[in-house]
Amino acid sequence: MKVCKFGGSSVADAEQVTKIVNIVLSDPERRIVVVSAPGKRNKTDTKVTDLLIACAECALAGTDYESVLQAIIARYAEIQKDLNLPGEIIAEIERDLRSRVDGDKTDRGIFLDSMKAAGEDNSAKLVAEAFLARGVQAVYLNPRDAGLLMTSDFGNAQLLDESYANLATSLKREELIIFPGFFGYTKEGKVATFPRGGSDITGSILAAAIKADVYENFTDVDSVYPVDPRLVPSVKRGISVMTYREMRELSYAGFGVFNDEAVFPAVKAGIPINVRNTNHPDAPGTMIVQSRRVIPGGVVGIASSDGFCNLFVDKYMMNREVGFGRRLLQILEEEGVAYEHMPSGIDNVSVVMREKYFDPVREARVLKHIKSALNPDALVVERGYSLIMLVGEGLIYTVGMMAKAAKALADAGVNIEMINQGSSEISIMFGVRNEFRAKAVLALYHAFFTE
Ligand code: ASP
């Protein structure tokens with residue numbers, strides 16, 4: 001049995017919804033369909049979720065929301081009309097939206113979540129109609145009826161574990177199930193949403209709950225590419241198979257297809273994930289699996305991400321000072337700053353952090369605290385770093401990979417400021433200044449993929 005999740009671009013208009021119906025009907029194993037809210041039809045379009053947020057903000061501010069509400073209804077009505085579906089569904093969607101927007105606004109988070117969830121909820125009802133119109137026995141299933149329970153962290157809610165048992169029972173149905181992504185219910189019966197992009201999480205949870213053979217994640221790319229096509233436009237061949245660990249390393253450094261946290265439930269349950277393209281359903285896409293046959297030296301992808309900074313602390317005889325590292329990290333902990341990496345020398349240590357969590361005000365407080373608590377000889381913060389990850393299970397078994405990578409970077413004139421290999425056997429991480437990032441990725445791509 002397969003769980004298929006279709007993202008916003010796959011429900012953007014009638015043509016896309018027709019593709020969903022055809023894709024699902026082409027394989028009898030596809031029994032559960034999770035949908036997002038209608039996304040962008042073109043580059044300048046607005047996602048329904050963003051319209052819903054705008055509408056909710058107007059309602060909260062007490063300003064006129066009618067035109068935004070009409071724009072939202074129009075998105076569904078366009079699909080209904082183009083697919084010749086019964087008009088009653090649009091009346092139902094309008095009733096639903098009006099009752100949400102008229103709802104209790106005393107708690108901003110609760111109100112916003114109820115509005116945001118309307119996007120996927122109505123999308124699922126409409127897609128169910130599209131299946132019914134094709135003579136398919138399909139049913140829209142509400143997450144409350146399915147027992148999908150969430151914590152009360154509105155806008156950033158998490159699944160309650162007992163949901164798995166509920167879902168395993170409620171998803172056993174004869175009909176094709178159309179399930180809205182992105183939200184569930186708290187035990188008090190309030191709508192709560194996952195973080196943005198959370199329909200991927202729903203799909204992954206359902207796949208884990210029913211122990212699906214595959215979790216198919218349909219999006220608008222043929223496969224996951226080994227390198228960002230914006231940095232290397234010549235990249236043609238996608239990744240056919242990679243492991244969960246490789247995915248995690250690649251998405252850590254900015255691989256954008258989907259985020260690894262979203263598919264964690266499927267990963268934990270060992271369900272293979274297949275990233276596929278709604279617009280090219282015949283393309284096999286990328287399989288993400290527990291383990292695969294590894295070719296020595298094989299690199300699966302190169303990811304890169306900017307926005308890192310480095311806190312450099314130097315103190316003579318640091319290696320002999322018991323508790324130095326703990327006290328340093330404790331200062332960061334007290335400021336609520338997470339660190340990413342910590343390469344060290346005998347007398348010095350660098351703490352690599354994301355710049356967005358280390359603003360100048362925090363920085364000033366942290367530096368003052370470190371100076372008084374640790375009395376370092378040197379203390380410097382350097383901003384503007386990029387991390388580049390070369391990832392592949394094949395790196396473990398092969399001699400000379402680091403030499404090959406370092407040579408490629410040297411030949412391209414890239415100055416490497418940091419290297420980290422030891423801890424993760426399947427990746428080599430390079431820290432470079434932002435201005436070297438694109439050059440470095442290109443050089444590594446040529447060394448490992450084209451030569
Ligand atoms: N519609 C929601 C968003 O735009 C969730 C999703 O598409 O996965 O974030």
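Whatever order the structure lists ligands and atoms in, that order sets their numbers, starting from 1. Just so it is clear, the structure is predicted and the values come from calculations on it, not from any experiment. FYI, the numbering just counts along the sequence from 1.
Residue Gly197 places a heavy atom under 4.0 Å from ligand 1. Look at Gly119 and you'll find every heavy atom at least 4.0 Å from all atoms of ligand 1.
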Taking it one step at a time, do Tyr164 and Asn166 satisfy side-chain hydrogen bond (donor to acceptor under 3.5 Å, both in side chains)? CA-CA 5 Å; Tyr164 284 111; Asn166 301 341; over 6 Å; no
Show, in sequence, the C-alpha distance, side-chain angles and deciding distance for Arg437 and Ser304, and conclude whether the side-chain hydrogen bond (donor to acceptor under 3.5 Å, both in side chains) test is met. CA-CA 7 Å; Arg437 173 180 164 201; Ser304 70; 2.9 Å; yes
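The nearest heavy-atom contact from the protein to atom 6 (C) of ligand 1 is Ser199 OG, 3.4 Å. Atom 2 (C) of ligand 1 has as its closest protein heavy atom Thr49 OG1, 3.6 Å. From the protein, the heavy atom lying nearest to atom 7 (O) of ligand 1 is Ser36 OG, 3.1 Å. Scanning the protein heavy atoms around atom 4 (O) of ligand 1, the nearest turns out to be Arg196 NH2, 2.9 Å.
A salt bridge links Asp96 to Arg100: one of the charged nitrogens lies within less than 4.0 Å of a carboxylate oxygen.
Contacts with ligand 1 closer than 4.0 Å are made by no heavy atom of Lys116, backbone or side chain.
Within ligand 1, counting atoms from 1 as listed, the ones closer than 4.0 Å to a heavy atom of Lys47 are 4 (O).
Using a 4.5 Å heavy-atom threshold, the side chains of Leu329 and Met342 count as touching. In this structure, the side chains of Arg354 and Ser305 come closer than 4.5 Å at one or more pairs of heavy atoms.
Where the criterion is an N or O separation shorter than 3.5 Å, residue side chain and backbone included, Asp200 fails it with respect to ligand 1.
Residues Tyr215 and Ala266 share a closest heavy-atom pair of CD2-CB, 4.3 Å.
Checked against the 6.0 Å centroid criterion, the rings of Phe6 and Phe218 qualify as a close aromatic pair.
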